[in-house]
Amino acid sequence: QKISNMEVEEPRPMTYEETTEIEKASPSDTIKVSNNRSLFFYVDLATKFLLTHETVEVSGLGGAIPTVVTIAEILKSQDVAKITSINTSFTTLQEHGSPPKPKIEVKIQKSDNFDTVFEQKKQLAQENKEIHNLVEEAQKKMQERLKAENSK
């Protein structure tokens, strides 16, 4: 199932890591993106932030900048969020004395259709889960039949 040409993943309960990420967020509700996690980890995390906050900031340094932009574009194309501002700058990591790194901060807020889209995603995810279960059942039955035929 797709919404706005994007694959819909099943909503799931928040993991310990996601809960910790939300708890560590600054008062401005910032998600700091790195290339250590999957793109859809951050898409899911931003969506979950938007469940409880009107505005969320998604930021990243250096090589994570394209990921931040992609996250914002996915959320926008799924009609989950609106991009309200994009800021770019250079930042220095003073403890390392390294050269300045490019930084991007994208502020997003709930789209006007957020609640409707979120409910549609939940419904589609439930349907996908049911289909997945039916496929698994059919595969088990086929394996049992093959086993029975081979044992004759």
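This is a predicted model, so every value here is computed, not measured.
For the residue pair E105 and S59, the shortest heavy atom distance occurs at CG-CB, 3.9 Å. The two residues A64 and S34 have their closest heavy-atom pair at CB-CA, 4.1 Å. Between G60 and I65, the closest heavy-atom pair is O-CG1, 3.8 Å. Taking each heavy atom of Q78 and V117 in turn, the nearest pair found is O-CG1, 3.3 Å. Of all non-hydrogen atoms in D29 and V56, the two that sit nearest each other are O-CG1, 3.4 Å.
When each of I108, V33, V106 is paired with I71, the side-chain contact (heavy atoms from CB on, under 4.5 Å) condition holds for V33 and for no other.
Both V80 and L51 sit in one connected hydrophobic cluster of ILVMFWY residues. Membership requires side-chain heavy atoms under 4.5 Å apart, directly or through other members.
Within the 3.5 Å criterion, the main-chain N or O of K101 finds no donor-acceptor partner in the side chain of T91. In this structure, Y42 contributes its side chain and I31 its backbone to no donor-acceptor pair below 3.5 Å. Panel note: side chain D79, backbone F114; no donor-acceptor pair is recorded below 3.5 Å. When atom types are taken as modelled, the side chain of H53 and the backbone of F49 share a donor-acceptor pair closer than 3.5 angstrom. Looking at K110, its side chain does come within 3.5 Å of a backbone N or O of L50 through a donor-acceptor pair.
Here E119 pairs with K122 in a salt bridge; the nearest charged N to carboxylate O distance falls below 4.0 Å. K76 and E73 are joined by a salt bridge, as a carboxylate oxygen and a charged side-chain nitrogen come within less than 4.0 angstrom of each other.
For the residue pair N35 / T67, a side-chain donor-acceptor distance below 3.5 Å is found, with atom types taken as modelled. There is a side-chain donor-acceptor pair under 3.5 Å between Q123 and E127.
Atoms CD and OG1, from E57 and T84 in turn, are 9.5 Å apart once rounded to the nearest 0.5 Å. Annotation: the span from K121 atom NZ to N128 atom CG amounts to 12.0 Å, rounded to 0.5 Å. Between E144 atom CD and K147 atom NZ the span is 8.0 Å, to the nearest 0.5 Å. Between S151 atom OG and L146 atom CG the span is 10.5 Å, to the nearest 0.5 Å.
Side-chain atoms of I74 and L39, non-hydrogen and from C-beta on, do get closer than 4.5 Å to each other. At least one side-chain heavy atom of D112 sits under 4.5 Å from a side-chain heavy atom of K82.
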Legend entry - Test log, rule side-chain hydrogen bond (donor to acceptor under 3.5 Å, both in side chains), inputs Q126 and E130: CA-CA 6 Å; Q126 181 61 35; E130 290 169 7; 3.2 Å; yes
